[in-house]
Undergrad: 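Here it is, the structure in full.
Every value quoted in this text rests on a predicted model; they were computed, and no experiment measured them. Proteins come first, then strands; the chains are lettered A, B, ... in the order of their sequence lines, and each starts at number 1.
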Amino acid sequence: MGFYSYLVVSTILFVLGVIGVLARKNIIAILLSLELILNAAALNFVTYTRFVNNNIDGHVFALFIIIVAAAEAAVGLAIVLRFFQIRETIHVDDATQLQG
Amino acid sequence: MNQTVASYLLQYEPVQQLLAFLSKLLGFNAISLLYFLIFALAILAAVGFLSLVGGLGTYAERKISADMQARIGPNRVGPYGILQFLADGVKMLLKEDIVPTQSDKFLFYVAPMLCIVGVFGTIAVVPFSSGFTIFDFNVGLVYLIGISSLVGLGVFLGGYGSNSKWSMLGGMRGASQIISYEIPVVLSALSIVLLSGGLSFSSLVKAQGGWPHQWFIFHNPFTFVGFFILFIGSLAETNRAPFDLPEAESELVSGYHTEFSGMRFGFFALAEYIEVFVVCGLAAALFLGGYNVPMNLGGDGLIGQVLQLGSFISKTLFLYYMVIVTRWTLPRLRVDQLMTMCWKYLIPISMVNLIMVGLWMVAFDGKSIFDLIFSGASVATGTGH
Amino acid sequence: MFDKILFISSALATIVGAVLTISVKNIMHAAVFLLLSLLGVAGLYLTLGADFVAVIQLVVYVGGVVVLMVFAVMLTAGSSGQKANRFGLVKIPTMGNFRTYTIGIVFAALVLMTIIKLYTNVFAMSRLAQIPAYSPTVSKIGISLVGTHVLAFEISSVLLLGALVGAAIVSRPRRENR
Amino acid sequence: MSTKNLDIYMPILILLILGVAMVSVTLLIGKLIRPNNPSAVKNQPYECGEDPIGSAWSVFNMRFYVTGLIFIIFDVESALMFPVVAVFKQLNDIGLGGLVFIELFLFILILASGLAYCWRKGDLDWVKSYHTEKGQD
């Protein structure tokens, strides 16, 4: 389909991700919506490769976005689980003290 | 690359006449409609064949285990009990489908669906023969690994959704076993891609020849070890044989699908048996020369396709038989033995394998051990006299 | 004709999955709908001719990240929505109520304004006159990974090592109690 | 060989929709023709006869997560290696095989050191060697 339709889909995905991150109070739900934002960015890169300049760097960049997102999810969830063991809840408002 | 069964069949005269007739009938060029019809037929045939293999798999398993334990096995329904699996299927359809109250209705619906969708997704790329592969995807191997990881998720959600401690534990063990054994399978598949130089199944199979000495399993000692790692990994990935911990009858009361009854349980069993066939097909395609026929008998014509189909299916069913036999010969592993074997033995070995196959490629320029012996021998004899 | 069907079904799956991920109350259902959205995005990659990125999305996201999320939800005692904390106060429910969603939507509208502002010069960009045919991308990506982007390829292994060691340390059961 | 349209991806979509349809239709048919007399006792999860106590969603310990964590790191590693390995033979025929092998070897070596670290620190063994938090393990 057209160039604009892909931009519309990725914008909607991005906005939904932002709403999800702000509206949820459960840390894991926030991480879920974060994945949506990363996907929207990667989608834009691949769209530009197809419609704008057709060099492969868009695909390589989308590949690295996926890889960094996976590493980030791994570390983020490890922190959330450690936080859960200390605080017994995964409610965002409890993450108030900086000291571990 | 990206060849499909429809584009293969289009080479034949009757199919082109059908295309001309259709496009004349409908006015516009009906090539994609014809593609759709051929794909629909091919998929129905493949799904029918695989569920038949799945059903007969249950029958074969009970028959083989019976005569290994000197008993007879099912022989009531139909001649020699062949139609036993149809009776099981109908029984499952008619049994009451109990969904426990506290359990999660939505997950009870999604878990078997994820398993079935994960397994059906892989049918598109199984390399039956050079023409009859439904869709020879350009990155078919990566697609097969990606889609079949849905089954691990379905197993976990099945265990989690039924809210009983037993199936929760079974779901947890099943999911962690499936995902941790995926790594040795992927690493040994990578060493084969290294040798064949392409990710699509047609390039993987065409890099091997028809004769056993041209298969990748005998290409060099590291791929020989890689085959057994892939076989062990795929046993664990489909919860079979010594690794059937998630559905361990003695401990977990049949593990993650304890609470599933009726047709929901039928889907888990069907998905498991079809996945065993698909995974054995993967091992056959990667290591045992897939659908290659010695001396390329019958070429690419319809006879050639049938011969290739026969060669692929006989290799896969041989591996299927080995899977069933190992189930009734080896005891079940404990959880920690299972995990230790994967992380501390299979993954380091498959990493070393991958590096050594790369070294072999660079050193001997990709020639198999037999080529080296023959070329070495010919050089020797050449210089000899 | 099929291009439209594949695009519409993938885009639909993406957007419906995303809406349900951020609105459904049970966290495990949210993870399943995220899976649906990621499958939709993989379909969109297919329509964009990025077949390798689509299957890598399948392998890494669907086969890894969602499984990890589901494990994490399991380990944090499932959907404990209304747990009161030590002071007995039931705070804002974890899955968000009307107030949090209005704040989210207001701020997202702001973000949308800036995006639309950005898009004005995106539309002014010169685009390919003739869109190229779909062609296999694996070898191009492989050669660029080994050739121009070899530094990124090696550094990403260092990044993965850092993530592995860091997350292993954080999630290792400590010797002393709390 | 490049294709003009996306018809080649038709089987994937057909098969996924077929999978979903098959499960939904069969469960729907089952709902109609299946006996359905739920009773309180029958709807309890199976606990070898006794009535179930407490919800099953209790907290499990961390070793399931550590497995998942190490899995995703090595899954991403293999995902990154797919394109390099697919191109290896082609470059080897040109003569660049040694260079690509060194890059691949470095990549695997760094991550193998990560695995060795986790092995040495005891993350890989399923039953943790030293006793951890009370009641956790």
Undergrad: Determine the option with the most heavy-atom pairs under 4.5 angstrom with chain D, choosing from B:Ile116, B:Ile134, B:Asp336, B:Leu190.
TA: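 Ranked by heavy-atom pairs under 4.5 Å with chain D, first place is B:Leu190.
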Undergrad: If you tally heavy-atom pairs under 4.5 Å against chain D, which of B:Val186, B:Val362, B:Ile179 wins?
TA: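 Heavy-atom pair counts peak at B:Ile179.
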Undergrad: B:Leu270 versus chain D, heavy atoms under 4.5 Å apart: side chain, backbone, both or neither?
TA: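 For B:Leu270, side-chain heavy atoms alone lie under 4.5 Å from chain D.
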Undergrad: Under a 4.5 Å cutoff for heavy-atom pairs, which residue among D:Val84, D:Leu18, D:Asp75 has the most contacts with chain B?
TA: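 Among the listed options, the one with the most contacts to chain B is D:Leu18.
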Undergrad: Let me know if D:Ile70 has heavy atoms under 4.5 Å from chain B in its side chain, its backbone, both or neither.
TA: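 Both the backbone and the side chain of D:Ile70 come within 4.5 Å of chain B.
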Undergrad: Which region of B:Ser196, side chain (C-beta onward) or backbone (N, CA, C, O), has a non-hydrogen atom less than 4.5 Å from a non-hydrogen atom of chain D, or is it both or neither?
TA: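 Contact with chain D: backbone only.
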Undergrad: Could you measure the distance from the CG atom of B:Asn138 to the CD1 atom of D:Ile8? Nearest 0.5 Å is fine.
TA: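 Reported value, rounded in 0.5 Å steps: 8.5 Å.
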Undergrad: Nearest 0.5 angstrom please: B:Phe135 CZ to D:Asp7 CG, how far?
TA: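 It is 11.0 Å, given to the nearest 0.5 Å.
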Undergrad: Please say which of B:Ile38, B:Ile43, B:Val125 ends up in a side-chain contact (heavy atoms from CB on, under 4.5 Å) with D:Pro11.
TA: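 For D:Pro11, the side-chain contact (heavy atoms from CB on, under 4.5 Å) test succeeds with only one of B:Ile38, B:Ile43, B:Val125, which is B:Ile43.
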Undergrad: Count the heavy atoms belonging to other residues, nucleotides or ligands that lie under 6.0 Å from CZ of B:Phe36, then report whether that count exceeds 12.
TA: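 No, not enclosed.
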Undergrad: Between B:Leu187 and D:Met81, does a side-chain contact (heavy atoms from CB on, under 4.5 Å) hold up when you go through it step by step?
TA: CA-CA 9 Å; B:Leu187 286 176; D:Met81 274 203 291; 3.9 Å; yes
Undergrad: Which of these, B:Phe137, B:Tyr143, B:Phe39, B:Tyr35, sits in a ring pair (Phe, Tyr, Trp, His ring centres under 6.0 Å) with D:Tyr9?
TA: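 When ring pair (Phe, Tyr, Trp, His ring centres under 6.0 Å) is applied between D:Tyr9 and each of B:Phe137, B:Tyr143, B:Phe39, B:Tyr35, only B:Phe137 qualifies.
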Undergrad: Name the region of D:Leu16, side chain, backbone, both or neither, that has any atom closer than 4.5 Å to a heavy atom of chain B.
TA: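 Looking at D:Leu16, backbone and side chain both touch chain B.
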Undergrad: Below 4.5 Å from any heavy atom of chain D, which atoms of B:Val119 appear? Answer side chain, backbone, both or neither.
TA: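 Interface part for B:Val119: neither.
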Undergrad: Tell me which of these, B:Asp365, B:Ile123, B:Val5, has more heavy-atom pairs under 4.5 Å with chain D than the rest.
TA: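 Greatest number of close heavy-atom pairs with chain D: B:Asp365.
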Undergrad: Atom CE in B:Met361, atom CG in D:Leu104: separation rounded to 0.5 Å?
TA: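 Between atom CE of B:Met361 and atom CG of D:Leu104 there are 11.5 Å.
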Undergrad: Report which part of B:Gln337 has an atom under 4.5 Å of a heavy atom belonging to chain D: side chain, backbone, both, or neither.
TA: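 No part of it gets close to chain D.
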Undergrad: Supply the atom-to-atom distance D:Leu111 CG to B:Met351 CE, rounded to the nearest 0.5 angstrom.
TA: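 Output value for this atom pair is 6.5 Å.
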Undergrad: What's the shortest heavy-atom distance between B:Val193 and D:Ala86, and which atoms?
TA: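 Nearest pair, atom of B:Val193 first, then D:Ala86: CG1-CA, 3.9 Å.
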Undergrad: Closest heavy-atom contact between D:Val23 and B:Phe267?
TA: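 Looking at all heavy atoms of both residues, the closest pair is CA-CZ, 3.8 Å.
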Undergrad: Got a sec, which residues hit side chain to side chain contact (heavy atoms under 4.5 Å, CB included) with D:Val20, two or more places apart in sequence or on another chain?
TA: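 Listed in chain order: B:Met113, B:Val117, D:Ser24.
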Undergrad: Measure distances from D:Phe74 to the heavy atoms of chain B and classify the residue's part below 4.5 Å as side chain, backbone, both or neither.
TA: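 D:Phe74 touches chain B through backbone and side-chain heavy atoms alike.
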Undergrad: Show the numbers, then the answer: is there a side-chain contact (heavy atoms from CB on, under 4.5 Å) between D:Thr67 and B:Trp343?
TA: CA-CA 9 Å; D:Thr67 322; B:Trp343 291 106; 3.7 Å; yes
Undergrad: Hey, what do you get for NZ (D:Lys89) to OG (B:Ser203), rounding to the nearest 0.5 Å?
TA: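 D:Lys89 NZ to B:Ser203 OG: 10.5 Å, rounded to 0.5 Å.
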Undergrad: Top residue by heavy-atom pair count (under 4.5 Å) with chain D, among B:Ile347, B:Thr4, B:Ile183?
TA: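 Most pairs with chain D among the choices: B:Ile183.
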Undergrad: Residue by residue, scan residues 95-102 of chain D and write down, ordered by number, those that have a heavy-atom distance under 4.5 Å to chain B; if none do, write 'none'.
TA: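 Under the 4.5 Å heavy-atom cut-off, D:Gly97, D:Gly98, D:Phe101 qualify.
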Undergrad: Closest approach of B:Pro348 and D:Trp119, non-hydrogen atoms and distance?
TA: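 For B:Pro348 versus D:Trp119, the nearest heavy atoms are CG-CZ3, 4.0 Å.
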